[in-house]
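Just so you know, these numbers come straight off a predicted model, no measurement behind them. Reminder, nothing fancy here: chain letters follow the sequence lines and each chain counts from 1.
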Amino acid sequence: MNIEKKLKTSVSSAIHSIYSHKIKSDDIQIQSTSNEYEGYYTILLFFLSKIFSENPAKIGEKIGNHLIENEDFIESFNVEKGFLNIDINKISWLKLFFNIYSEKDWGFKMNIGKELMVEFSSPNTNKPLHLGHLRNIFLGDSISRILKAVGYKVHRVQIINDRGIHICKSMVAWIKFGKGDSPEKSGIKGDHFVGKYYVLYQEELNKEINQKIKKGVTKEEAEKNAQIFNEAKNLLIKWENRDPETIKLWKKMNKWVYEGFDKTYETLGVDFDKIYYESETYLYGKKEVEKGLKKKIFFQKNDNSIWVDLNKYGLDNKLLVRSDGTSVYITQDIGTAILRFRDFPKIEKQIYTVGNEQEYHFKVLFKILEIQGFDWAKECYHLSYGMIDLPSGKMKSREGTVVDADKLLEEMVHISEKRTKELGKIKDFNKNEQKLLFDKIALSAIKYFLLKIDPKKPMLFDPNESIDFQGNTGPFIQYTYARIISILERAKNKGIKEDFNTNLNVKSINEFEKKIVYLLSIFPDKILVAASDFSPSTIANYIYDLSKAYNRFYQEISIFKEEDNETILFRISLSKSVSKIISSAMKLLGINMTSKM
RNA sequence: GGUCCCGUAGCUCAACUGGAUAGAGCAACUGCCUUCUAAGCAGUAGGUUACAGGUUCGACUCCUGUCGGGAUCACCA
């Protein structure tokens with residue numbers, strides 16, 4: 001069934017009978033043939049050349065001839081330098097395809113009884129989501145799906161940073177300027193509503209600082225003693241002391257934010273299995289730090305602050321609890337990690353989807369967990385991804401260059417509507433179907449745009465250039481898919497019933513079809529690579545290759561003009577398989593397909 | 001300054017983890033709709049893979065150095 005495996009054994013035994021030398025079939029290196037050459041499977045000959053001290057091309061000839069004579073699945077071969085290129089025969093292609101065609105979920109593994117946890121999104125609760133969050137969310141969502149596809153049970157979680165000075169800043173501004181306003185009254189989405197007050201706080205603070213500087217106070221002094229800043233700090237202290245009024249307001253404002261986030265998540269089509277809140281885990285983290293202090297893993301300075309010395313691991317001293325007894329960011333991270341392994345004892349790995357700016361932080365965190373004696377610490381993995389830059393540089397909220405997620409999505413829907421109408425493609429769509437179509441196209445454009453790039457790499461986004469709809473894009477894939485569905489519908493209307501099997505007397509199989517079958521056959525490998533590299537871009541690039549190959553076939557070959565019925569049936573079955581794989585591969589990116597556009 | 005990441009066509013990205021003449025899309029130019037959806041297909045042009053060495057039969061990929069860009073090293077998150 002597996003051609004590569006079969007080829008390896010065949011080559012291995014060919015070598016054995018030619019050279020009387022045993023080479024394990026696993027040691028045979030095989031790769032797909034480069035486009036310029038005939039064939040689909042390529043055997044590397046260099047290492048054999050070393051062993052037998054013979055010209056690789058000669059070795060290739062010998063093996064090739066031996067294969068032709070002794071193996072019934074080989075069609076032809078050619079040797080180019082150190083490469084033996086092989087094509088398999090028609091029956092083998094058909095068998096290979098039938099194998100894929102008859103598989104319900106080609107490429108997907110059943111549950112293997114192992115569990116993982118993926119953390120992603122995890123925003124602060126003081127402002128709405130932006131483009132950077134989108135990369136994070138799509139990446140985490142996609143990775144979760146990919147890991148599930150290779151057989152893991154995946155727990156999708158986030159940690160919400162719901163506590164701390166940032167939310168107090170929004171609270172202060174709302175108390176001072178809000179006059180009891182709310183998202184309901186103002187008609188503003190909750191997260192944007194709260195974000196507005198966060199911005200207001202910043203403006204007020206700047207005003208105050210500038211006034212003080214004019215009066216001759218230094219900038220540092222002014223920042224430290226700004227009245228509004230002190231009010232925020234007071235609020236934080238009140239919060240930590242569980243002041244009922246403060247807690248009430250805090251809950252109210254966070255609720256607004258969550259309602260806003262939920263709307264966005266719904267639009268994006270992502271969800272979570274469990275949400276952790278920092279306000280619920282930070283005390284637990286503190287307890288664990290105190291435990292560590294007793295065990296003398298950590299040390300306390302004279303001012304009562306608690307530290308860990310990581311110098312012998314090539315890291316620095318790290319503060320764990322402030323001198324005033326309040327916790328810092330990493331304190332709650334320690335607590336959260338421990339809680340998670342307690343909540344889900346079966347998870348083998350915990351994956352943190354967080355930007356690469358926090359690489360040092362996670363190195364420190366994992367090291368701390370390790371010296372605390374948790375053996376799962378080495379199973380914590382920071383899925384680090386690159387930042388999104390604008391042509392002008394970093395996104396900066398102070399300079400108002402942050403690309404707002406909701407706004408971007410809206411714009412994309414607009415563009416997709418405009419595009420679709422220009423092309424006049426929606427004659428028989430009703431209003432509701434139109435809306436669904438625009439949303440799907442827009443979402444596929446933006447998800448694909450962010451996921452097709454290797455997560456590790458920083459990427460550039462130009463807000464002035466809208467995301468493309470042509471070439472290597474989500475809409476292109478959607479389009480290819482819609483074309484296939486249209487063919488399948490037509491076949492149905494013509495009463496062509498599907499009963500493809502290997503006994504089909506297909507006259508011949510052409511290069512376009514072979515290419516497609518080949519690509520379909522490697523889908524399982526691509527999922528495995530994507531899973532082990534934590535890289536949805538592998539899947540995206542694969543879908544693009546497959547779509548291109550199909551469009552080529554579509555262009556060159558007319559399905560319904562063909563006279564041979566069995567060939568028509570083969571081509572329809574092939575089309576059906578391509579549509580299935582495109583759809584399930586896109587699903588791995590969190591993208592839903594439209595059958596018409 | 002220490003540590004880490006990045007540098008590939010004008011622009012945005014690939015390159016099966018060391019393999020063939022480094023590939024796509026956008027932008028430019030040329031063809032293809034009376035034929036299954038032209039959001040498509042084919043073609044032309046565009047490269048000393050930042051630079052200099054080294055390892056190897058073979059390097060965008062590994063090693064060393066240089067240059068350029070970014071991140072990080074907080075009683076911020």
Determine the contact category for [X]: base if any of its heavy atoms lies under 4.0 Å from a base atom, sugar-phosphate if only primed atoms, P, OP1 or OP2 are that close, otherwise nothing.
{"X": "A:Lys526", "answer": "nothing"}
{"X": "A:Asn85", "answer": "base"}
{"X": "A:Tyr479", "answer": "base"}
{"X": "A:Tyr544", "answer": "sugar-phosphate"}
{"X": "A:Lys561", "answer": "base"}
{"X": "A:Leu44", "answer": "base"}
{"X": "A:Leu460", "answer": "sugar-phosphate"}

Query raised in the report: Can the ring centroids of A:Phe362 and A:Tyr352 be said to lie less than 6.0 angstrom from one another?
Result: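 So the answer is yes for these two rings.
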Query raised in the report: May A:Tyr37 be described as stacking on the base of B:A20, applying a 5.5 Å centroid limit and a 30° limit on plane angle?
Result: yes
Query - Base of B:A20 and ring of A:Phe83 stacked, centres under 5.5 Å, planes under 30° - result: yes
State the pairing partner of [N]; accept Watson-Crick or G-U wobble contacts with both distances under 3.5 Å, and report none otherwise.
{"N": "B:G40", "result": "B:C32"}
{"N": "B:A9", "result": "none"}
{"N": "B:G46", "result": "none"}

